[in-house]
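To keep things clear, I will list the structure first and then write my remarks on it.
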Amino acid sequence: MSTITNHLPTSELQALDAAHHLHPFSANGSLGLEGARVITRASGVYLTDSEGEKILDAMAGLWCVNIGYGRDELADVAARQMRELPYYNTFFKTTHVPAIALAAKIAELAPGDLNHVFFAAGGSEANDTNIRLVRTYWAEKGQPDKNIIISRHNAYHGSSVGSASLGGMAGMHAQGGIPIPNVHHINEPNWWAGGGDMTPEEFGVARARELEEAILELGEHRVAAFIAEPVQGAGGVIIAPDSYWPEIQRICDKYDILLIADEVICGFGRTGNWFGSETVGIRPHIMTIAKGLSSGYAPIGGSVVSDEIAEVISGTEFNHGYTYSGHPVAAAVALENLRILEEEKIVDHVRDVAAPYLKDKWEALADHPLVGEARIVGMMASIALTPDKASRAKFASEPGTIGYLCRDRCFANNLIMRHVGDRMIIAPPLVMTPEDIDEMMARIYKSLDEALAEVTEKGLMKAAA
Ligand code: PXG
């Protein structure tokens, strides 16, 4: 049996990686020259690389390892399920115990009457399901022209053709012939970048009203749904002003627009409640889930829909589904993950212990000379880097230059903290203890200090004209 633990030397692994492995969201040519960092194991909130370095993972993988690494219970459940029933599908009048149990558990945890789950292997697939689901819903109600989905610039909803069309990432839309027709984007509620002279509250209402303007312009009878992340994740942990979501809810209600909350990042405790919708106070008709559903231990996602939507689409054959919809091993792993989240009161831990402990320390980052605003909700947080706090100035250098430089300082200090443009973001495992948080903050300060020194030395602490 080949073992992964006794691996080749790092340089050989990197050479093989460069020769044969195309990485997501990477310029593979330059990555190959530099050599990707090889992660070999993980435990708790720490990764270990092929050189034996211990790295503090303040991104929980890709926003997903909510319960932390190394939980044997999930490995045991996966092995047991693989022996008992490694695979069967849920098409053609069949089902199986893990999918049944997981759907019922999600229905119990989800708010309101979100009682029905259509499974996928991840968030992108689930959002593709949502596109077809909402259009089928309105067609079944005799309104086939009500098929436009409104989303937001700088949203992230996945990387497949459909979900990337819903997303609002300019770089993604520039490649591969997307967006698909009948997707419309409005502006994001990012006060730091776009608020101008408005107060955050005025700005929140103004950005929400863009939804109403779009509906009136496109026609109420043409708009099927509005999709949004309760807190934008990949866009840079953008937390909307308090005035934003109540206005969005009012508009969706008034014009009979389905509200899709993309909970792929916010779900399963990230914001201090089971779902981000609860934190921002909205009542979605559909929630997209993935990531924290299994804490990333197995690929699984889904669309959780209301009683009414389930009833309407059940009137027809919904010609849609994936080989791995409700995969038994992934479903069993997700169930075990939910058991741990619940029995160990990890959502309470976020709300009552970890997030309050982190909040004060995080907000104090705004006093650092390189930092403008510092925002946090639950265990997801961001800082905007700036050469001048008072004017909320952008850097004169190409957007992302300073963020990238800062990210490299974090990497060198064995801290995984991401940059999105010139914002730095974290979304650590939810199980972080106060001691873990102290260690993380120490590495963040060290990295920021070093980044500031480098930025100053290179003459980059300059505001854009
Ligand atoms: N919706 C949201 C809100 C997401 O954050 C997806 C859907 C797609 O899920 P899948 O499982 O298909 O990847 C995501 C995924 C980043 C990054 O760089 C974020 C995601 C994925 C990859 C990278 O922050 N989020």
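When a residue number appears, it is its place in the shown sequence, counting from 1. All ligand and atom numbering here is 1-based and tracks the order in the structure.
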Going by heavy atoms, is [X] under 4.0 Å from ligand 1?
| X | value |
| --- | --- |
| Lys291 | yes |
| Leu62 | yes |
| Glu125 | no |

Legend entry - Given Asn190, Ile425, Val231, the one that forms side-chain contact (heavy atoms from CB on, under 4.5 Å) with Ile238: Asn190
Inset, instruction - Please lay out, stage by stage, how Thr129 and His320 fare under the test side chain to side chain donor-acceptor pair (under 3.5 Å). - result: CA-CA 7 Å; Thr129 298; His320 179 81; 2.7 Å; yes
May I ask you to list the atoms of ligand 1 that are less than 4.0 angstrom from any heavy atom of [X]?
| X | answer |
| --- | --- |
| Arg418 | 16 (C), 18 (O), 24 (O) |
| Gly122 | 11 (O) |
| Ile265 | 5 (O) |
| Asp262 | 1 (N), 2 (C), 3 (C), 7 (C) |
| Gly123 | 8 (C), 9 (O), 10 (P), 11 (O), 12 (O) |

What is the nearest protein non-hydrogen atom to [atom], stated with its residue, atom name and distance?
| atom | value |
| --- | --- |
| atom 2 (C) of ligand 1 | Tyr156 O, 3.3 Å |
| atom 12 (O) of ligand 1 | Ser124 OG, 2.5 Å |
| atom 19 (C) of ligand 1 | Trp63 NE1, 3.5 Å |

Inset, instruction - For ligand 1, note which part of Phe25 has a heavy atom under 4.0 Å away: side chain, backbone, both or neither. - result: neither
Inset, instruction - With heavy atoms under 4.0 Å as the rule, classify the contact between Glu229 and ligand 1 as side chain, backbone, both or neither. - result: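 The side chain, only.
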Output field: ring centroids [X]/[Y] closer than 6.0 Å:
| X | Y | value |
| --- | --- | --- |
| Tyr244 | Phe203 | no |
| His419 | Tyr404 | yes |
| Phe119 | Tyr322 | no |

Inset, instruction - Evaluate the ring planes of His327 and Tyr87, with Trp represented by its six-membered ring, and classify them as parallel (under 30°), tilted (30 to 60°) or perpendicular (over 60°). - result: tilted
Inset, instruction - Answer with yes or no whether the side chains of Tyr69 and Asp57 bring together a donor and an acceptor at under 3.5 Å. - result: yes
Legend entry - Within 45° cone and under 6.0 Å: Arg407 NZ/CZ vs Phe411 ring: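 Output yes; distance and angle both within limits.
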Legend entry - cation_pi(Lys359, Tyr357) dist<6.0 Å, angle<=45: no
